[in-house]
Protein chains: 4
Amino acid sequence: MSPRTPEQNKKIREQTQQKIVDAGFTLFAREGYASTSIAAIARKAGVSKGLIYHYFDSKEAILSTIFDQMIDLGDEILDFPDDFTPADKMRQTLQETFQFIEQQTGKGRLMITLALQPETYSNLQSKIERVNETQTVKYIEMLRELGHQQPELEAYRLGALMDGILMGYATMGEAYPLEKMKKKIMEDYVPS
Amino acid sequence: MSPRTPEQNKKIREQTQQKIVDAGFTLFAREGYASTSIAAIARKAGVSKGLIYHYFDSKEAILSTIFDQMIDLGDEILDFPDDFTPADKMRQTLQETFQFIEQQTGKGRLMITLALQPETYSNLQSKIERVNETQTVKYIEMLRELGHQQPELEAYRLGALMDGILMGYATMGEAYPLEKMKKKIMEDYVPS
Amino acid sequence: MSPRTPEQNKKIREQTQQKIVDAGFTLFAREGYASTSIAAIARKAGVSKGLIYHYFDSKEAILSTIFDQMIDLGDEILDFPDDFTPADKMRQTLQETFQFIEQQTGKGRLMITLALQPETYSNLQSKIERVNETQTVKYIEMLRELGHQQPELEAYRLGALMDGILMGYATMGEAYPLEKMKKKIMEDYVPS
Amino acid sequence: MSPRTPEQNKKIREQTQQKIVDAGFTLFAREGYASTSIAAIARKAGVSKGLIYHYFDSKEAILSTIFDQMIDLGDEILDFPDDFTPADKMRQTLQETFQFIEQQTGKGRLMITLALQPETYSNLQSKIERVNETQTVKYIEMLRELGHQQPELEAYRLGALMDGILMGYATMGEAYPLEKMKKKIMEDYVPS
DNA sequence: AATGAATGAGTCTTCATTCAT
DNA sequence: CATGAATGAAGACTCATTCAT
């Protein structure tokens with residue numbers, strides 16, 4: 001009955017799905033998960049409500065997908081070329097993290113909010129933990145390579161610091177001294 | 001003239017109000033503001049839904065009251081005797097902050113969540129800002145007294161660090177190396 | 001136990017009751033019966049909600065009492081000295097009716113609204129009918145004395161006219177040409 | 001592209017919407033606006049409460065739509081062919097008005113009730129005023145053409161009279177001498 | 001006589017989800 | 001693949017009424 005080839009269909013499917021995920025992400029980040037309605041997502045994505053349920057089982061499934069994509073993206077951040085020195089790695093990691101903080105504030109805000117409500121979004125919990133762990137492991141490795149004494153503890157400290165900066169920037173916006181913080185932290189952690 | 005004396009009434013009022021605030025606080029902290037229903041608060045507080053509106057104008061008013069109580073508590077934390085040396089002040093501040101993180105995790109979680117959703121609870125925004133400012137100012141002063149070069153920037157860093165630790169502990173719970181972090185940070189900031 | 005004499009008590013009772021009736025009347029007239037809350041009446045009357053239920057069985061009972069008082073007042077309007085000529089009677093009746101329209105607009109508005117919702121205020125219905133009948137009978141008598149051919153029909157017409165004017169004035173307020181209408185109608189119905 | 005054709009949808013929409021409007025109208029007229037619940041409208045219309053909000057933004061929006069439909073109907077009443085003499089026009093106007101009073105008593109009752117509560121439904125107020133004005137203007141013109149001395153005042157009188165008759169009939173129902181009134185008024189205003 | 005704390009049914013409204021087409 | 005009409009449970013909030021004192 002359909003005049004479309006399977007390939008076309010697949011492409012359409014993926015595009016539509018992505019439109020929904022993008023719309024959902026934007027709104028979740030801006031308004032929060034609970035305050036964002038399926039109707040609003042449908043509107044922003046330019047599709048019908050029904051179609052959303054064609055692609056996703058529930059509102060939470062959208063969130064879950066968004067989360068997966070965020071994780072994939074996070075993994076990319078933490079990957080670098082083989083010829084990088086430990087200092088290069090740290091520099092790039094910090095730079096990219098600060099870039100994320102500045103440019104994807106909404107994303108960060110959303111992640112924090114979700115991470116802080118384990119009971120409500122229990123099936124995201126394992127994913128969140130995995131993200132944290134992955135990040136911590138990478139930090140530990142880098143810090144060890146850089147010759148820190150207690151790389152594990154130092155990794156927690158660095159992680160907390162970056163989380164705190166994200167929070168500060170997400171809360172205060174432009175009033176937060178993001179650039180200065182970046183400079184200071186780069187100086188501290190990246191031997192020049 | 002009144003059958004119950006004004007004192008009796010006042011006491012009843014305060015008790016009931018506090019029951020509602022406590023229930024609201026617990027649930028807001030655990031489930032988030034948006035996901036907590038008035039019905040749930042009423043159930044937990046052991047009162048009727050109607051009574052809640054006898055004491056509070058709206059759901060947001062409950063939140064606001066909770067917030068005020070949290071602020072009062074926060075102000076106490078930041079007060080210390082006159083004969084304290086700068087190091088004493090810093091030591092006590094950090095100790096009390098870590099204690100807060102450990103013992104009042106729910107409160108901390110709630111504050112972060114709220115701070116991160118500026119648009120939704122705009123009338124809390126000013127209060128949150130006040131808290132932040134107060135804390136930052138105190139940090140700056142202490143760090144200056146301790147001889148730090150850039151007390152302001154350092155204050156932001158310390159603030160971010162503590163926020164990040166709160167976040168980590170709130171997310172991971174006992175799995176978070178809170179004690180070790182405390183020790184490390186005390187060593188860093190409090191000259192012994 | 002009470003230091004008050006029975007007389008004092010009676011007086012207090014009547015005064016309080018009247019305060020409630022007055023407050024209720026004002027609010028019912030201004031906001032409508034359904035939109036007026038017992039709490040609002042209590043506030044305006046300066047008494048507690050509980051006291052209202054000490055004097056009245058229900059919200060509707062207040063309305064009913066208000067109605068009775070309005071009827072008593074209406075009866076007075078239609079009573080005149082024995083030495084009045086038919087023209088005197090008509091003149092005074094019309095004058096007082098116009099005065100009522102102008103000065104007690106709220107009262108009139110309330111009566112119309114209630115009269116128009118028989119299903120809702122069914123136990124007021126008989127009272128309303130009695131008012132209408134009484135008025136019509138008086139009109140018929142006066143019009144017959146004045147020599148009208150079809151006094152009954154003419155009474156309905158005059159009644160409708162006055163009701164319509166009340167409605168117009170209640171709706172338009174000062175924009176309604178009440179004075180001119182009064183003059184015209186007096187000329188028509190009162191031979192001079 | 002759509003499974004139901006747009007025409008089908010439009011038809012469904014209009015039908016359902018009209019069912020809601022009809023149910024709302026009946027109940028508003030009988031019980032009053034404030035005393036009619038959305039649940040009652042849904043029940044009478046045979047739809048779910050939710051669907052009502054799919055079609056109308058609020059309870060007041062239903063009322064507003066009802067009103068608009070009533071106005072459209074009213075406008076038709078006041079239009080007549082070009083070759084009508086002034087007497088023809090007046091005759092037809094009165095006839096149609098009486099017909100409205102008799103057959104659309106509920107509509108009339110609702111309009112009066114709403115007109116009498118200016119503060120509550122303020123955004124209907126302008127519409128009501130427009131209706132009144134339109135009607136008055138038409139009356140004035142007709143009465144002038146018929147040679148009345150003070151057509152404006154006479155228009156107000158005629159308007160009041162018809163309003164009063166509507167009220168009487170709406171209140172008393174069959175007990176009201178509607179036919180006789182009609183005959184009398186026709187004789188008075190339409191030269192034969 | 002009087003208060004006001006307390007209740008619970010009911011109000012308008014929202015929204016995730018289903019389903020006929 | 002796609003639509004949007006329809007549902008029903010739940011949400012915040014109101015209010016007439018009761019009751020202990």
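Order of the sequence lines fixes the chain letters, A, B, ..., with proteins taken first and strands second; residue numbering starts at 1 for each chain.
Rounded to an integer number of Å, the gap from Tyr33(B) OH to dG11(F) C1' is 12 Å. Distance, Asn9(C) CG to dA2(E) C1': 12 Å, rounded to whole Å. Protein atom CG of Leu27(C) is 12 Å distant from nucleotide atom P of dC15(F), rounded to whole Å. Here dT17(F) presents its P atom at 4 Å from OH of Tyr53(C), a figure rounded to the nearest Å. In this structure, CD of Gln8(B) is placed 20 Å from P of dC19(F), rounded to the nearest angstrom. When rounded to the nearest whole Å, the span between CD of Glu7(D) and P of dG4(F) equals 13 Å. Between Asp57(C) atom CG and dT17(F) atom P the separation is 9 Å, expressed in whole Å. Taking atom CD1 on Ile41(B) and atom P on dC13(F), their separation rounds to 10 Å, with Å as the unit.
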### Query
Where does DNA chain E pair, written as one dot-bracket string 5' to 3', with Watson-Crick or G-U pairs under 3.5 Å, ( ) inside the strand, [ ] for crossing pairs and | for another strand?
.||||||||||||||||||||
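OP1 or OP2 of dA5(E) has at least one side-chain nitrogen or oxygen of Arg13(B) nearer than 4.0 Å. For the pair His54(A) and dC1(F), the criterion of a side-chain N or O lying under 4.0 Å from OP1 or OP2 is met.
Along DNA chain E, the nucleotide nearest to Lys10(B) and the one nearest to Ser58(A) differ in position, and the one closer to the 5' end is contacted by Lys10(B). Residue whose closest nucleotide on DNA chain F sits further toward the 5' end, between Ile52(D) and Val47(A): Val47(A).
Looking at residues two or more places apart in sequence or on another chain, you find a ring-ring contact (aromatic ring centres under 6.0 Å, His included) between Tyr33(C) and Phe28(C), Tyr121(C). Contacts of Lys107(C) classified as side-chain hydrogen bond (donor to acceptor under 3.5 Å, both in side chains), with partners at least two apart in sequence or in another chain: Gln104(C). Taking the side chain to side chain contact (heavy atoms under 4.5 Å, CB included) definition, one finds that Thr171(D) meets it with Ala115(C), Leu116(C), Gln125(C), Asn132(C), sequence neighbours left out. With sequence neighbours excluded, the residues forming a side chain to side chain contact (heavy atoms under 4.5 Å, CB included) with Phe67(C) are Ile71(C), Met111(C), Leu114(C), Leu124(C), Lys127(C), Ile128(C), listed by chain and number. For Ser48(B), the side chain to side chain contact (heavy atoms under 4.5 Å, CB included) partners two or more places apart in sequence, or in a different chain, are Leu51(B). For Arg13(D), the side chain to side chain contact (heavy atoms under 4.5 Å, CB included) test picks out Asn9(D), Lys10(D), Tyr55(D), with sequence neighbours left out.
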Could you go through nucleotides 8-11 of chain E and list every protein N or O atom that sits under 3.5 Å from one of its N or O atoms, giving the distance for each pair?
residue, atom, partner, partner atom, Å
dG10(E), O6, Lys49(B), NZ, 3.3

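Within a heavy-atom distance below 4.0 Å of DNA chain F, no residue of residues 14-23 of chain C is found.
Nearest nucleotide to the side chain of Tyr55(B), out of dC1(F), dA5(E), dT17(E): dA5(E).
Looking only at side-chain heavy atoms (C-beta outward), Phe25(D) and Leu63(D) stay at 4.5 Å or farther from each other. The shortest side-chain heavy-atom distance between Gln69(A) and Thr65(A) falls under the 4.5 Å cut-off. Side-chain contact check for Lys11(B) versus Glu7(B): every heavy-atom pair is 4.5 Å or farther apart.
Residue pairs meeting the side chain to side chain donor-acceptor pair (under 3.5 Å) criterion with at least one member in residues 19-28 of chain B, sequence neighbours excluded: Gln18(B)-Asp22(B). Note on residues 31-57 of chain B: no pairs pass salt bridge (Lys or Arg N to Asp or Glu O under 4.0 Å), not counting sequence neighbours.
Using a distance-only test at 3.5 Å, with no hydrogens or angles considered, a donor-acceptor pair links the side chain of Thr36(C) to the main chain of Leu27(C).
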